[in-house]
Each structure stands twice: as C-alpha cells, then as structure tokens.
**Student:** 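Have a look at the structure that comes next, please.
On a predicted model such as this, the values are computed, not experimentally measured, just so you know. Numbers restart at 1 for each chain; the letters A, B, ... are given by sequence-line order, proteins then strands.
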Protein chains: 2
Amino acid sequence: MSDVVDPRLPASPEAPKGRGKSRPLKIAEEMKDWIVVRGLQPGDRLPGERELIERFQASKGTIREALRVLETQGLVRSRTGPGGGTFVEALSGAKAMELLGNYFFFQNPTIGDIYAVRRILEPEMAASVAGRLAEADFKRLEQTMQIYVEPPQDLEEERRQRHAELDFHSILVDYCPNPVLAFMCRFLQSLLRDLTVCKRIYEEPNPDLRESGLSYQVRLLRALRRQDAAAASEIMFEHMCTAQRYMEEREAVLQAKFLQVPD
Amino acid sequence: MSDVVDPRLPASPEAPKGRGKSRPLKIAEEMKDWIVVRGLQPGDRLPGERELIERFQASKGTIREALRVLETQGLVRSRTGPGGGTFVEALSGAKAMELLGNYFFFQNPTIGDIYAVRRILEPEMAASVAGRLAEADFKRLEQTMQIYVEPPQDLEEERRQRHAELDFHSILVDYCPNPVLAFMCRFLQSLLRDLTVCKRIYEEPNPDLRESGLSYQVRLLRALRRQDAAAASEIMFEHMCTAQRYMEEREAVLQAKFLQVPD
DNA sequence: AGATATTTGTTCGTATGTATT
DNA sequence: TAATACATACGAACAAATATC
C-alpha cells in the first residue's frame, strides 16, 4: 500500500518527521549553513575534499554525496584539475524551473489552471515593462514576430511559430524589473511548453490562434511605445483570455477524440 | 525535446567524453527517464543497489550519488531493512518551495516585489475558494483568528500573532482548487516568512497591522459565507494593498535605523 | 524477546582522468 | 614530456537499520 500524498495537503509549518535524513543530506545542510555564515559569494571556492573530510568528519564518499546534493540544488559546481575544486554558484533560473517542474509533473495542472494565473500575471508583467524598452528592444520583439507574420506552410513551421509566440513573451519578461514576477511568468511559459496536452495542440494547425495573437501583440507594442502601462495591461489581459478560451476548447476536442479511441 | 533514452546499457566501459555533467548526474538523469518510461508511480519500488549497479554499469558509490541526487530533488526516498529499498515519491510542496527558495536567496527580492505579485494572486485565490467552504472550514479559520483578536501582551505573543495571520492565508489556500495558484500563493507566504527584513518587522509591535488585518479578514469571511467571489477578491485586494504600504513603510524605517547605526 | 536475513549506509585504499605548470 | 594537484571512480569490507520468524 502506498501512502497517497494529498496534493492539496499544505506545507505545514511543523514537519511531522524531523528525523529520517541520511547523513549526506545533513552534511549538505551543514555545508550550506557554513557557506552562508562565511558569506561566500558565487565564484568563491570551497575547501578541497580532504579538508572537507576533516572539517565535517565524514569519509570521502559521504562528502562527495553531500557535494552532489548541493550541485543538484544548483548551489555549487565542481571542476577537475589544478585550481579546480568546488565553487559556489548562483542557482540559475533555468535550473530552478527544472526543479519546480518536477513538482508540477505530479500535480498535473490543467490548461485552465495555468491560464487562470497567467491571465493575471502577464498583464502585470506587461505593465511593468512599459517605459523600460529602448528602440533596439522593440526591434528585437518585432523580429521575433516576423517568424509568424505569415501563415505556416507546414506542421513543422506551425510548431516553430507557436514557440516563437512564447518567445515573444519570454523576451518581454527580460525587461521586467520584478524578479518574482519575472520568474513566475517564465515558469508558466515553460509549463505550457512542457504540458503534453499543449504539445499536442501545438502540433495541429491553429490559424485563429496565430492571427489573434499577432494582432494583440501589435497593439501591445503600440501601447508600450507610447509607454501606456494601463493599456498594455489591458491588451495583455484580453490576449490571455482569448488564448485561454482557445486552448481549453482545443483541449476539450482532443480529449473527446482520446475518449472515443481509448487505445 | 528529450530523446527517449534506451533504458538499458548506458555507458561504454570508457566514456571518453567528460564534457559538462559528471557521471552520477548523468546516471540520475537516466534513472529518471527509466522511471518515467516504466510509468512508475509514487510508492513503487526501484531495484536494489546491486541491481542498479548491474543495470547502469557503475560502482556502488556512483549509484548512491545518483540516488542522492534524485532524493534531493524529492523524487525518491530510501529506507533500510528488509522490504526496504528506494521508492518513488511525489515531490512535496514544502520541498519544492525549499528548492525554489534557494533561487530567490540570490535574487533577493524586495518586499515590494513580493507584494506586487501577492497583491494580484491572493485576491484570485480568495475568489477561487468562494463556495468551497463548509461550516467546519469557517470554524477553522475563525479559530485561527482568535489568536490575534486581542492585542498582544508581549513581543513573543506579537510574533505568534504575525505567524497566525500568515497561517490564515495558508489555511485559505488549502481550499484553492487550482494547484498552480495555490503553490504560488503559499510560496510567496513562505518568502515573506523567510525574508530577514520581514522577520525584523515582525519582531516589533505592529498594532495597526493587526487591527486592519483583522477587520479585513472579518469582512472576507462574511463575503465567503455568502459565496460572493467578487467581493472576496475585492476585499483581499484592499487588504494586500494596505499590508504592502505598511510593510514598505516599516522597511524604510528599519533601513533608516540601520544606516544610522551601521554596526 | 531474540536471532536472523535483507537492504541501505559508511568507510577506506587505490586507481584513473584532467587540466595546469 | 613530466610533475603536480585536484576531482572522479571503483570495490571490498564493515556498520546500522528494520522487517520476519
């Protein structure tokens, strides 16, 4: 029998089990504290393995496991050779999203769940970049739009266009000054990219989606050029609502198809 | 994007390519793919160490490092003893937040950054729970509010009250049907809990914060009782704006103090 | 309760790979 | 080319935990 983990169950403030951690995990914690206490910054070097063995009173294998733990958390990076060693690293956004993606792999959110959040975050993001774009930045955005200004010739181009549309949003986020908002917008985009349902939808022709998306983005850029944050937010909101309706409709169609031909 | 990895026989005896990832990291990836391909669910057991050594052609130490990687990612859990072994696990929300917290440790967002997002997510969350609360759930929320219905007698009670206020939001999220929205709301709450600036603010008396928070929450519960999602959203928005203003003001005061007495 | 079997957890000695000098 | 300093990898032996009988 498997303890079913209730997805809704919260991260309760008090962990039910404080015990049960293996030694390498505990040593990894100690190392993390040690790094923080010493105020080590990204780029700084940790002591060599032998010294770590001394300091944390554990064997080479255990130390190595602990280092690997920190490495998968994206906090350190090891290099071989002289002058090599283990170095503190700032966790990259990409890595953070990868780790977080594992969580939603089991949660398996619906398209509606994602868009419900995206619908309110993306407008806020759009508003936050108003007045922060130089002419070169507008050029960059328009260049991306060029990829899907014409209807696609085949399914491969169709797929490339869908991705370019997501790229448009991703580029926009580059200029968002709020790191929390930026991360969350980007993460939702990556969730959409990875969702199998979305992949299936993107594999089919979506002429309406392309056309409406394009028109929204043109309007959005106009609003941003005149540094009108409120308008940008409003336009993005409409865009998201339209996209959500479209995606959910397609999802329903695909599910109906799947139910009709169950294997 | 990710090619399907042949489940068996990964590495040739001598892998002349050491580019980038270390071997344990690569083996961890292979294991993950192997788990996905076999459709293993949380609770399912992985082969024992000896068999893994056979299957992935690596030494015990390397296999253990790979397992540790998956363990820190929250994907597996190992137990000793007969009937023990390594088991697939669903990444818990708490663990996911911990991992994600490492990212924002370096990003170091301001209170304003966090509230800018919280201000729009919490209202959406409040609206989403309207009509989903039974009488027992209201009782639970009111019980939490009891903790700070009276002004605190000392600083310790002050701190307990601040945490109870965050708990109120956390409990509310329990009933949010959208896993993405729920996770993000909870994560922002945990970010606030951990931010050192916030800790310092919470350590001081905040009579205004308590009183205004309490009144908003009373109004919120009333709206939820009559299942008025729009009102709940509106009230929560006001609550967040007020809280943000208050926190930023306190932050400014603390910073001024800090600058005046720099050690 | 106690013995035992099973499985992970830890250690150590040694060997190999890699990059600098 | 050789010497070096460092991480990386391997395998055997031992320790600890925990079911079952």
**Student:** Please determine whether a side-chain nitrogen or oxygen atom of B:R79 lies at a distance below 4.0 Å from atom OP1 or OP2 of C:dT6.
**Tutor:**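 Checking C:dT6 against B:R79, no side-chain N or O comes under 4.0 Å of OP1 or OP2.
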
**Student:** Taking A:R132 for its side chain and A:Y175 for its backbone only, find out whether a donor-acceptor pair lies under 3.5 Å.
**Tutor:**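 Pair found, side chain donor or acceptor close to backbone of A:Y175.
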
**Student:** Determine whether any donor atom in the side chain of B:K60 lies under 3.5 Å from an acceptor atom in the base of C:dT11, or the reverse, and answer yes or no.
**Tutor:**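 Answer is no: no donor-acceptor pair is held.
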
**Student:** Counting side-chain heavy atoms from C-beta on, which of D:dG11, C:dT6, C:dG9 comes nearest to B:S59?
**Tutor:**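 Minimum distance to the B:S59 side chain belongs to D:dG11.
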
**Student:** Testing the basics here: between B:L91 and B:A96, what is the closest heavy-atom pair and its distance to 0.1 Å?
**Tutor:**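 Closest approach of B:L91 to B:A96: CD1-N, 4.0 Å.
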
**Student:** With no hydrogens and no angle check, do the side chains of A:E98 and B:Q73 hold a donor and an acceptor under 3.5 Å apart?
**Tutor:**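 Side chains of A:E98 and B:Q73: no pair found under 3.5 Å.
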
**Student:** Once you apply a heavy-atom cut-off of 4.0 Å, does B:G61 come out as touching a base, just sugar-phosphate, or nothing?
**Tutor:**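 Nothing, no nucleic acid heavy atom in range.
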
**Student:** Whole angstroms only, please: what is the CZ-C1' distance between B:R45 and C:dT8?
**Tutor:**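 Taking CZ of B:R45 and C1' of C:dT8, I get 10 Å after rounding.
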
**Student:** Could you pick out which residue, B:G85 or A:I53, lies toward the 5' side of DNA chain C when each is mapped onto its nearest nucleotide?
**Tutor:**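 The residue whose closest nucleotide sits nearer the 5' end is B:G85.
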
**Student:** For B:F87 and D:dT18, what is the distance between atoms CZ and C1' respectively, to the nearest whole Å?
**Tutor:**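 Atom-to-atom, B:F87 to D:dT18, this comes out as 12 Å.
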
**Student:** Give the rounded distance in Å between these two atoms: CZ of A:F56 and P of C:dT11.
**Tutor:**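 It works out to 14 Å between those atoms.
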
**Student:** Where the side chain of B:R23 is defined as all heavy atoms beyond and including C-beta, which of D:dA9, C:dT8, D:dT8 is the nearest nucleotide?
**Tutor:**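 So the nucleotide nearest the side chain must be D:dA9.
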
**Student:** Establish, with yes or no, whether the OP1 or OP2 oxygen of C:dT6 is under 4.0 angstrom from a side-chain nitrogen or oxygen of B:T80.
**Tutor:**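 No, B:T80 has no side-chain N/O under 4.0 Å of OP1/OP2 on C:dT6.
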
**Student:** Between A:L25 (CG) and C:dG9 (P), how many Å, whole number?
**Tutor:**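 Spelled out: CG on A:L25 to P on C:dG9 is 10 Å.
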
**Student:** Atom CD of B:E49 to atom C1' of D:dG11: distance rounded to whole Å?
**Tutor:**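 After rounding, the gap between these two atoms is 13 Å.
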
**Student:** Rounded to whole angstroms, how far apart are CD1 on B:I63 and C1' on C:dG9?
**Tutor:**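 Rounded to the whole Å, the gap is 15 Å.
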
**Student:** Report the distance from atom CG of A:L70 to atom C1' of D:dA7, rounded to the nearest whole Å.
**Tutor:**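 It is 16 Å, rounded to the nearest whole Å.
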
**Student:** Taking OP1 and OP2 of D:dT8, is either one under 4.0 Å from a side-chain nitrogen or oxygen of A:R64?
**Tutor:**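 So the side-chain polar atoms of A:R64 do come within 4.0 Å of the phosphate oxygens OP1 or OP2 of D:dT8, strictly under.
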
**Student:** Is it true that A:E71 and A:R68 have a side-chain N and a carboxylate O under 4.0 angstrom from each other?
**Tutor:**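 Here A:E71 pairs with A:R68 in a salt bridge, since their nearest N and O are under 4.0 Å apart.
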
**Student:** Which nucleotide, D:dT8, C:dA5, C:dT11, lies nearest any side-chain atom of A:T62?
**Tutor:**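 Out of D:dT8, C:dA5, C:dT11, the nucleotide with an atom closest to A:T62's side chain is C:dT11.
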
**Student:** Relative to each other, are the rings of B:Y202 and B:H163 parallel, tilted or perpendicular (30° and 60° limits)?
**Tutor:**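 Rings of B:Y202 and B:H163: perpendicular, as their planes differ by over 60°.
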
**Student:** Counting only side-chain N and O atoms of B:R68, is one of them less than 4.0 Å from OP1 or OP2 of C:dG9?
**Tutor:**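 It does, given that an N or O in the side chain of B:R68 lies less than 4.0 Å from OP1 or OP2 of C:dG9.
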
**Student:** Measure from CD1 on A:I27 to C1' on C:dG9 and round the result to the nearest Å.
**Tutor:**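 Interatomic distance, CD1 of A:I27 to C1' of C:dG9: 12 Å.
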
